[in-house]
Novice: 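Sharing a structure below in structure tokens format, with a few things to ask.
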2 protein chains.
Amino acid sequence: MARSIHVRRPATLASLAAELGVSRTTVSNAYNRPDQLSPELRRRVLETARRLGYPGPDPVARSLRTRKAGAVGLLLTENLSYAFRDPAALGFLEGLALACEGAGQGLHLVPVNPEREDVAAVHRAGVDGFVVYSVPDDDPHLAAVLSRPVPTVVADQPNVEGVDQVGIDDHAAITALAQQLITLGHRRIGVLCMRLSRDRNDGFASPERQRSAHFHVQRARLAGLAEAFGAVGVDWSGVRVVERFDHTTASGASAAAQLLDADPQVTALICTSDILALGALTEARRRGLRVPQDLTVTGFDGIADADRVGLTTVRQPVLEKGRAAGKLLLGAPDPTRPREVILDTELVPGSTAAPPRTSEERWFGP
Amino acid sequence: MARSIHVRRPATLASLAAELGVSRTTVSNAYNRPDQLSPELRRRVLETARRLGYPGPDPVARSLRTRKAGAVGLLLTENLSYAFRDPAALGFLEGLALACEGAGQGLHLVPVNPEREDVAAVHRAGVDGFVVYSVPDDDPHLAAVLSRPVPTVVADQPNVEGVDQVGIDDHAAITALAQQLITLGHRRIGVLCMRLSRDRNDGFASPERQRSAHFHVQRARLAGLAEAFGAVGVDWSGVRVVERFDHTTASGASAAAQLLDADPQVTALICTSDILALGALTEARRRGLRVPQDLTVTGFDGIADADRVGLTTVRQPVLEKGRAAGKLLLGAPDPTRPREVILDTELVPGSTAAPPRTSEERWFGP
DNA sequence: AATTGGTTCTGAACCGTTACGGTCAGATCA
DNA sequence: TGATCTGACCGTAACGGTTCAGAACCAATT
């Protein structure tokens with residue numbers, strides 16, 4: 001099967017029509033509305049098309065005319081390839097892909113460089129709508145998406161007025177987790193969180209920085225923790241929160257190290273993601289700290305690896321979230337009000353949380 | 001930040017030009033070639049655009065004129081969502097995404113339904129080229145891709161004359177693995193392989209079916225095994241090959257069960273993928289067979305989970321493969337001849353292969 | 001004074017298709 | 001026999017841009 005490489009498109013609908021001595025409309029109909037012409041003529045059109053090497057109507061021209069691209073754009077602030085490495089993002093993507101293929105829509109991954117503020121790729125994407133996955137509220141790419149006259153659904157964050165949304169109740173979810181730890185008796189805690197803003201800050205996050213975080217999800221989780229622990233008398237300004245820009249287990253490990261160095265007395269490390277928590281577990285093991293006897297570690301998301309190691313965490317239905325986002329975008333838009341889908345979360349007890357040891361136990365063993 | 005939902009695009013380049021009293025060319029230049037007009041006028045154009053809610057040049061119209069879509073199409077025969085579940089496909093995707101974002105190109109996942117032969121999605125995709133990942137040689141979607149006047153790169157399979165290609169030397173790779181097993185002393189083996197054709201055949205694959213497989217990769221691996229074991233006197237027609245349509249660990253487990261039921265005497269299960277091998281390990285454990293003492297199991301691919309359990313396998317650079325495919329597609333095309341990239345593989349010894357036990361050992365212990 | 005060169009802007013052609021509203025011949029009907 | 005319907009096809013006008021060859025203008029050079 002030989003084929004010429006990248007030949008200039010040889011035939012168009014018009015040239016085909018000329019060759020056949022019929023109108024362009026008729027050729028178009030041969031492809032799109034077979035009932036509009038006689039079977040015999042249609043056969044001739046298709047036959048001539050084959051002979052001339054006409055590959056069928058040009059998709060771009062068709063899109064221009066019909067105002068339909070047949071694809072959904074996906075925007076995420078990380079590198080494109082990040083989506084294929086992060087388990088939660090992956091689950092979301094799978095759900096979204098499910099919804100798209102169910103509707104016969106393509107999935108157009110928009111390449112954005114998180115470092116540069118180059119918004120051109122958003123403007124170049126020929127899509128019928130956008131799904132925006134977990135970006136900061138001041139993301140210029142998001143602004144570019146919103147400026148385009150196509151429907152948009154935001155997943156997780158940020159909250160944008162008038163835009164359809166799918167996510168979870170972060171505040172409630174983290175509150176349940178916090179209650180669990182409080183019940184176990186933890187009062188001296190440390191927190192590991194993901195990036196709070198577009199600027200890199202690998203280190204402690206001040207309460208001010210926590211409050212002004214541009215990532216709504218992180219902000220809500222931290223606020224929920226502050227509230228829950230504040231209610232039992234913990235002074236939040238004394239609680240160390242370590243932030244990491246990169247979302248990897250290595251980041252989690254180094255963040256845990258930083259926190260444990262600063263305050264060896266903490267009895268629990270609360271992590272705002274499983275990935276960070278897995279890293280924290282590694283660091284704990286490296287230090288000879290037994291989990292959960294010497295240290296409690298919790299995560300968030302409920303990824304497969306968390307399940308494997310029995311991490312105490314909050315499970316959120318990431319695949320369902322992706323699917324819901326797709327359905328929201330592809331379903332009939334509701335002009336009266338933006339729609340919001342809040343999915344359920346579930347506290348996963350796991351085996352990495354236990355009551356804190358007393359000081360004596362810490363020094364002299366159980 | 002309020003926004004109107006799905007308003008009919010209010011302004012076009014033309015209406016903006018009319019409003020400003022300049023030509024369309026000038027407005028176009030304001031966006032694409034700032035050096036072609038005075039800074040002052042450009043400022044006015046952009047300002048008016050904002051006022052009128054003009055979101056910038058329409059991407060589809062621009063694509064039509066410039067003959068550039070700014071995106072690469074990806075075709076894979078499985079459901080779209082499969083790509084996000086299979087580790088090898090995922091690695092490929094990540095590499096491809098890396099190449100795409102490096103070139104500022106989007107990645108357009110084409111939704112194909114493997115059950116139905118609906119090729120429309122391929123024709124509807126507005127892309128500048130296609131990457132085809134591991135499809136059967138008689139795939140109608142592949143034919144549709146090749147009929148389109150855009151460059152194409154095929155990864156893994158099939159071999160198409162005149163089309164750029166990236167892959168590995170399956171024959172050499174499997175031969176190395178086979179030699180290893182032969183050296184260990186295995187002669188009575190069983191094989192677990194992935195689907196050989198578009199029709200579902202969950203069961204034994206006859207030598208005829210093996211030879212006529214539409215998946216080139218599987219065909220080459222089976223042929224390599226037949227050759228290597230044939231050279232040491234093993235009659236291939238007596239070797240059981242179990243085929244599975246779905247590529248999951250559950251399939252691997254059931255295939256292993258089917259094979260071990262049919263011939264409990266086999267000393268080694270050679271699997272053409274790690275996923276199948278992981279399933280086989282599960283089944284072996286279920287039967288109380290120790291690996292590798294009682295049964296040798298090997299895989300192919302070198303995925304992370306294989307590494308984790310110490311599977312004896314062949315590692316192939318999946319990420320690199322994706323990246324190479326992207327580079328091939330996006331780099332300057334070579335009109336003189338199709339290019340071919342063959343990546344290196346590496347035998348991973350692992351700990352799931354050992355010499356077979358003698359019959360006595362099998363029955364009476366070591 | 002004529003030429004040259006540069007900047008800034010314009011007019012018209014073109015990209016390849018589909019939507020819309022026809023026309024027209026022949027069949028059907030009262 | 002004339003009116004109406006139907007199936008098959010067509011002409012025109014978008015769809016929303018980009019591009020290229022100039023025009024108009026002004027300043028600097030010869």
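Naming: A, B, ... by sequence-line order, numbering from 1 per chain.
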Novice: What closest approach, in Å, do Y54(B) and L13(B) show between heavy atoms, and which atom pair accounts for it?
Specialist: CE1-N, 3.6 Å
Novice: Which pairs count as ring pair (Phe, Tyr, Trp, His ring centres under 6.0 Å) when at least one residue sits in residues 110-129 of chain B, sequence neighbours excluded?
Specialist: none
Novice: Let's test your reading of the model: under 3.5 Å, does the base of dT18(D) pair with the side chain of R65(B) as donor and acceptor?
Specialist: yes
Novice: Which listed nucleotide (dG16(D), dT18(C), dG16(C)) is nearest to the side chain of N32(A)?
Specialist: dT18(C)
Novice: Measure from the side chain of R67(B), starting at C-beta and using heavy atoms only, and say which of dG16(C), dT18(D), dC15(D) lies closest.
Specialist: dG16(C)
Novice: How sharply is the helix from dA1(C)-dT30(D) to dA30(C)-dT1(D) bent, taking the axes over five pairs at either end and rounding to 10 degrees?
Specialist: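 The angle separating the two end axes equals 50°.
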Novice: Would you name the heavy atoms of P158(A) and D137(A) that are closest together and state the gap between them?
Specialist: CB-CB, 3.5 Å
Novice: Side-chain contact, heavy-atom cut-off 4.5 Å: R339(A) with L328(A)?
Specialist: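 Touching, per the 4.5 Å side-chain cut-off.
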Novice: I want to verify a distance call: between dT17(C), dG16(C), dG17(D), whose nearest atom is closest to the L64(B) side chain?
Specialist: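 Nucleotide nearest to L64(B)'s side chain: dG16(C).
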Novice: Consider the side chain of T12(A), meaning its heavy atoms from C-beta on, and name the nucleotide among dT18(D), dT17(C), dG16(D) that approaches it most closely.
Specialist: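 For T12(A), the side-chain atoms sit closest to dT17(C).
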Novice: Can you list, in residue-number order, the parts of residues 44-53 of chain B that come under 4.0 Å of DNA chain C, counting heavy atoms only?
Specialist: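 The answer is none.
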Novice: Less than 4.0 Å between a side-chain N and a carboxylate O, is that true for D138(A) and R198(A)?
Specialist: yes
Novice: Nearest 0.5 Å, what's the CZ-CG distance between F130(A) and L329(A)?
Specialist: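 Taking CZ in F130(A) and CG in L329(A), the distance rounds to 10.0 Å.
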Novice: Please name all residues satisfying side chain to side chain contact (heavy atoms under 4.5 Å, CB included) with V60(A), sequence neighbours left out, ordered by chain then number.
Specialist: D58(A), V60(B), S63(B), L64(B)
Novice: Nucleotide by nucleotide, 5' to 3', does protein get under 4.0 Å of the base (B), only the sugar-phosphate (S), or neither (-) in nucleotides 5-12 of chain C, counting heavy atoms?
Specialist: ---SBBBB
Novice: Show which side-chain atoms of residues 99-109 of chain B pair as donor or acceptor with protein atoms under 3.5 Å away, not counting sequence neighbours.
Specialist:
| from | atom 1 | to | atom 2 | distance (Å) |
| --- | --- | --- | --- | --- |
| E101(B) | OE1 | L80(A) | N | 2.6 |
| Q105(B) | OE1 | A71(B) | N | 3.3 |

Novice: What's R33(A) touching, base or sugar-phosphate or nothing? Going by heavy atoms closer than 4.0 Å.
Specialist: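 The answer is sugar-phosphate, as R33(A) gets under 4.0 Å only of primed atoms, P, OP1 or OP2.
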